[in-house]
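For reference, the structure discussed in these notes is given below.
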Amino acid sequence: MAKAKPQSKKQRLKDPLNKHSFFEDVWDVARQIPKGRVTSYGAIANYLGTKMSARMVGWAMGASHFAPAKVPAHRVVNRVGLLTGKMHFGAPDAMQKLLEKEKIKVENNKVKEFEKLFWDPAKELML
DNA sequence: TAACTGACTCGGC
DNA sequence: AGCCGAGCCAGTT
């Protein structure tokens, strides 16, 4: 699977073939999130070159259910560390439980020390 | 076919 | 410092 390399947004989205890999790219990046770390939709979007469309990342996460491999969507939160998508995990606190299982402290639907645990693909994966 | 919505983000007030 | 509006892409109604 491609390593989610950033490319021109128009180039990717314009081509139906490449478009299909948009999901895989997002999933791929999500899978690369180290255990015990979290990232934001915007960070992934930015890494993919579609930083203006963080919504699509979230939407792609929603589709992660169809992903060929498991995607740690629980490690992806919004820019303030809020567990915005926890309701989509089936159970109201499934996401929080998964996070706590990785020693990530969650309080009031928000990741504690989010800035410290924040993992930016564009920075960590560089390039 | 057009309009609305959404697991977001940024900038202005 | 907090609230409000606009922009983004795709899928749904």
Side-chain angles (χ1 to χ4, degrees):
Chain A
M1 199 143 351
K3 295 223 167 98
K5 38 185 171 164
Q7 42 182 283
S8 167
K9 137 184 167 186
K10 276 195 178 150
Q11 204 164 29
R12 186 192 321 98
L13 297 179
K14 188 167 186 182
D15 187 341
L17 251 57
N18 282 333
K19 175 181 160 190
H20 178 266
S21 55
F22 172 76
F23 286 70
E24 295 188 345
D25 283 349
V26 175
W27 298 336
D28 222 18
V29 174
R31 282 195 219 98
Q32 291 175 61
I33 301 173
K35 185 185 169 198
R37 295 293 174 100
V38 294
T39 191
S40 72
Y41 306 95
I44 296 175
N46 183 36
Y47 176 71
L48 294 177
T50 63
K51 70 174 179 187
M52 292 197 278
S53 314
R55 292 185 157 200
M56 284 303 91
V57 176
W59 178 74
M61 282 283 112
S64 67
H65 195 68
F66 303 95
K70 206 178 170 200
V71 178
H74 59 279
R75 294 185 191 141
V76 184
V77 296
N78 77 346
R79 72 176 174 91
V80 282
L82 206 59
L83 305 179
T84 51
K86 70 167 188 169
M87 345 179 142
H88 289 266
F89 274 74
D93 49 354
M95 186 175 185
Q96 179 170 337
K97 277 199 162 192
L98 286 168
L99 288 172
E100 290 178 338
K101 197 172 172 183
E102 300 188 355
K103 309 298 184 233
I104 298 177
K105 296 180 178 88
V106 178
E107 188 162 310
N108 202 16
N109 294 338
K110 191 177 66 200
V111 174
K112 270 183 146 187
E113 304 191 83
F114 170 67
E115 291 186 20
K116 199 165 104 181
L117 297 174
F118 183 71
W119 181 83
D120 187 352
K123 224 183 239 175
E124 302 297 328
L125 298 180
M126 281 294 233
L127 298 184

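As a basis for the values below, the full set of heavy atoms in this structure was taken, side chains included, without hydrogen atoms, waters or symmetry mates. The sequence lines fix the lettering, A, B, ..., with proteins before strands; numbering per chain opens at 1.
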Item checked: Atom C1', compared across C:dC3 and B:dA7: separation rounded to whole Å ->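 Rounded to whole Å, the distance is 22 Å.
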Notebook entry, point to check: Quantified in whole Å, what is the P atom distance between nucleotide C:dG5 and nucleotide B:dC4?
Noted result: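 The same atom, P, in both gives a distance of 16 Å.
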In whole angstrom, what separates [X]'s [atom1] from [N]'s [atom2]?
X	N	atom1	atom2	result
A:His65	C:dG11	NE2	P	18 Å
A:Phe114	B:dT9	CZ	C1'	12 Å
A:Tyr41	C:dC8	OH	P	21 Å
A:Met61	B:dA7	CE	P	14 Å
A:Ile44	B:dA7	CD1	P	16 Å
A:Trp27	B:dA7	CH2	C1'	15 Å
A:Lys51	B:dG11	NZ	P	8 Å
A:Met52	C:dA6	CE	P	17 Å

Choose from [options] the nucleotide whose nearest atom is closest to any side-chain atom of [X].
X	options	result
A:Met56	C:dC8, B:dT9, C:dA10	C:dA10
A:Ser53	B:dT9, B:dA7, C:dC8	C:dC8
A:Arg79	B:dC10, B:dA7, C:dA10	B:dC10
A:Ser40	C:dC8, C:dA10, B:dT9	B:dT9
A:Trp59	C:dA10, B:dA7, C:dC8	C:dA10

Item checked: A:Glu102: which of A:Lys35, A:Arg75, A:Arg37 passes side chain to side chain donor-acceptor pair (under 3.5 Å) ->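 One option only clears the test, and that one is A:Arg75.
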Checklist line | Side chains of A:Trp119 and A:Leu125 in contact at under 4.5 Å (non-hydrogen atoms) | finding: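 Contact flag for A:Trp119/A:Leu125 side chains = yes.
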Notebook entry, point to check: Yes or no on side chain to side chain contact (heavy atoms under 4.5 Å, CB included) for A:Met61 and A:Val26, after CA distance, side-chain angles and deciding distance?
Noted result: CA-CA 8 Å; A:Met61 282 283 112; A:Val26 175; 3.3 Å; yes
Notebook entry, point to check: Heavy atoms under 4.0 Å, any strand shown: does A:Ala60 hit a base, just sugar-phosphate, or nothing?
Noted result: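 The answer is nothing, as A:Ala60 stays clear of every strand by at least 4.0 Å.
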Next item on the list: Give one of base, sugar-phosphate or nothing for A:Gly62, where a contact means two heavy atoms less than 4.0 Å apart.
Entry: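 Here A:Gly62 touches the bases of the nucleic acid.
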Note to self: Give me the atom names and distance for the closest heavy-atom approach of A:Val77 to A:Leu82.
What the structure shows: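 A:Val77 and A:Leu82 have their closest heavy atoms at CB-O, 3.4 Å.
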Checklist line | Closest non-hydrogen atom pair, A:Ser64 against A:Ala73 | finding: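 Looking at all heavy atoms of both residues, the closest pair is OG-CB, 4.3 Å.
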